[in-house]
Protein chains: 2
Amino acid sequence: MSVAPLLSRRDRSRLATVAEIKSTALTLMRENATTDVTFTDIARAMGMTAPALYRYFDDRDALLTALIADGYSALGEALAEAAGAIGDDDVGGRWAAAAGAYRQWARSEPQQFALVLGMPVAGYTAPEEGPTTEAAKNAMDQLAGLFLGAARLGVLGPPLITEASAAIAACQAEHHSEMSALIAPATFQAMLQTWAMLHGFTCLEAYGHLDWLEPAARDALFASHVRLAALASGLPVPRSDRPIG
Amino acid sequence: MSVAPLLSRRDRSRLATVAEIKSTALTLMRENATTDVTFTDIARAMGMTAPALYRYFDDRDALLTALIADGYSALGEALAEAAGAIGDDDVGGRWAAAAGAYRQWARSEPQQFALVLGMPVAGYTAPEEGPTTEAAKNAMDQLAGLFLGAARLGVLGPPLITEASAAIAACQAEHHSEMSALIAPATFQAMLQTWAMLHGFTCLEAYGHLDWLEPAARDALFASHVRLAALASGLPVPRSDRPIG
DNA sequence: GGCAGATCGTGATGCTGCATAACGAACACG
DNA sequence: CGTGTTCGTTATGCAGCATCACGATCTGCC
């Protein structure tokens with residue numbers, strides 16, 4: 001336990017440069033509205049030359065991998081933070097907050113959202129065990145936490161669709177065994193559908209397919225969407241007098 | 001009204017080449033699991049050289065534009081064909097068939113699906129009036145047809161969420177005035193949510209985020225999803241004894 | 001303080017793909 | 001059987017990815 005800094009001056013400088021590269025890449029993505037970013041452009045924007053970037057990232061895929069990994073964390077943290085700002089007993093409010101965070105993050109970082117939850121990138125090969133599914137797991141865990149909390153509080157009603165196939169129950173047992181005791185297969189199914197609903201709206205809006213709707217109408221539609229998802233899955237329905245998203 | 005062929009031999013050959021270029025591009029996209037396709041690869045796969053392709057498409061964007069336009073048509077036709085195979089009076093069946101076609105098309109052509117309804121392509125500039133929103137319009141029109149048919153048959157129940165904001169009603173009046181007489185704003189809102197639900201599941205599955213579910217579980221989840229959407233929007237719920245999608 | 005080693009950034013280089021231009025081959029038509 | 005168009009090729013310029021060798025800078029240790 002020394003008082004010496006955990007990282008040397010050089011390491012800090014290096015981390016700062018890595019961070020600057022990533023943020024510059026994201027800025028360029030935002031400006032050009034694409035996930036296709038060039039080392040040359042990043043370097044030029046930073047006042048450097050392209051080969052210098054190879055000191056920090058092995059190749060373009062490594063940079064993308066890092067951005068995707070950051071995306072996982074950023075999205076997960078945004079969800080956790082939004083839900084954490086609401087009291088544990090207000091499960092409906094937590095759901096609305098998390099859903100709103102999901103939407104807002106996708107709107108503010110559509111390219112990173114596309115990297116993480118959109119179509120897998122071109123030559124991108126999963127580093128270990130497929131991070132593509134990891135994003136799914138991450139989002140699912142946040143949702144699962146909501147449902148588990150609701151179940152423990154006794155405020156988790158039955159889902160609108162009460163039948164669930166044995167195949168779904170089997171997958172729940174295999175991949176989310178920790179929740180099998182508290183969450184019925186039909187509710188697990190409804191949880192997946194809740195995610196799909198949220199994701200569907202978010203994708204449509206983030207990629208401009210709802211631009212023909214006025215912003216106010218989109219907000220209203222989203223709020224209604226969040227309430228519908230709660231209604232369908234047995235979650236407490238968020239209060240309608242508080243703005244969502 | 002002559003009996004002469006509408007197209008000369010040369011024109012037919014040209015159209016065939018154009019079609020071959022597009023299908024080769026799609027094949028390469030499928031094989032490489034990306035929307036990023038190179039003229040060089042297309043030409044090589046066709047036993048030609050890259051510059052020859054410029055006789056048929058001004059540049060890479062023009063090819064993408066054509067593929068996107070084809071995507072609109074293909075998706076729209078797939079939906080119309082699937083729905084058309086079901087009797088007009090079975091609105092629930094038509095909805096299930098159309099939803100299944102949406103899903104299957106996205107699964108069989110994930111790259112084209114990404115082009116049409118995913119994130120807008122990099123340097124791609126909308127040729128006229130933004131075809132991005134045109135895809136939305138197209139999909140919406142198919143859905144709107146279902147709801148209008150249900151309304152005319154008197155089998156369209158109330159949506160689960162009966163409140164709709166004035167902003168949504170205004171957008172309905174502005175962009176879909178033809179249906180304002182038969183479709184209440186709350187149902188219009190539910191229609192959008194139905195689309196978002198369908199789109200969300202489709203995106204998650206097409207991009208591999210549901211791969212951890214067994215195929216049988218995914219099928220069951222989708223069937224349940226389609227029934228839930230019908231339930232939420234007031235459409236007749238599809239029969240559960242007929243496989244969906 | 002000064003030196004050895006590691007780190008960092010640059011210019012030079014090779015490869016590939018996009019796009020254009022100029023040339024030659026094949027075809028339709030009178 | 002010529003003539004003009006269409007088509008496909010080779011040749012060229014340009015930009016980005018990736019690597020290498022070199023010089024500059026910084027770190028840490030004696």
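Quick note on labels: first sequence line is chain A, next is B, and so on, each numbered from 1. Worth knowing before you read on, the calculation uses all heavy atoms, side chains too, and leaves out hydrogens, waters and symmetry mates.
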note: B:Arg60, atom CZ; D:dG16, atom C1'; distance rounded to Å ~ 13 Å

Applying salt bridge (Lys or Arg N to Asp or Glu O under 4.0 Å) to B:Arg30 and not counting sequence neighbours gives B:Glu109

Contact string for nucleotides 7-14 of chain D, one letter per nucleotide 5' to 3', B = base within protein heavy-atom range under 4.0 Å, S = sugar-phosphate only, - = neither, reads BBBBB---

Residue set satisfying ring-ring contact (aromatic ring centres under 6.0 Å, His included) with B:Phe188, at least two apart, ordered chain then number -> B:His176

Rounded to whole Å, CZ of A:Arg12 lies from C1' of D:dC26 at a distance of 14 Å

Across all chains, not counting sequence neighbours, the side-chain hydrogen bond (donor to acceptor under 3.5 Å, both in side chains) partners of B:Gln189 are A:Ser224

Residues passing the side-chain hydrogen bond (donor to acceptor under 3.5 Å, both in side chains) test with B:Asp41, sequence neighbours excluded, are B:Thr38, B:Arg44

task = Any chance you could lay out the side-chain contact (heavy atoms from CB on, under 4.5 Å) test for A:Leu213 and B:Leu192, step after step, and finish with the verdict?
result = CA-CA 11 Å; A:Leu213 283 175; B:Leu192 292 173; 4.0 Å; yes

Contacted region of DNA chain C by chain A, from 5' end to 3' end of the hits, cut-off under 4.0 Å to heavy atoms, spans C:dA6 to C:dA12

For residues 37-64 of chain B, the ring-ring contact (aromatic ring centres under 6.0 Å, His included) pairs (sequence neighbours left out) are B:Phe39-B:Tyr54

Residue set satisfying side-chain hydrogen bond (donor to acceptor under 3.5 Å, both in side chains) with A:His199, at least two apart, ordered chain then number -> A:Tyr102

Taken to the nearest whole Å, CZ/B:Phe57 to C1'/D:dT6 is 17 Å

Those residues at least two apart in sequence (or on a different chain) that pass side chain to side chain contact (heavy atoms under 4.5 Å, CB included) with B:Ala220 are A:Ser165, A:Ile168

From OH of A:Tyr54 across to P of D:dA18 the rounded distance in Å is 4 Å

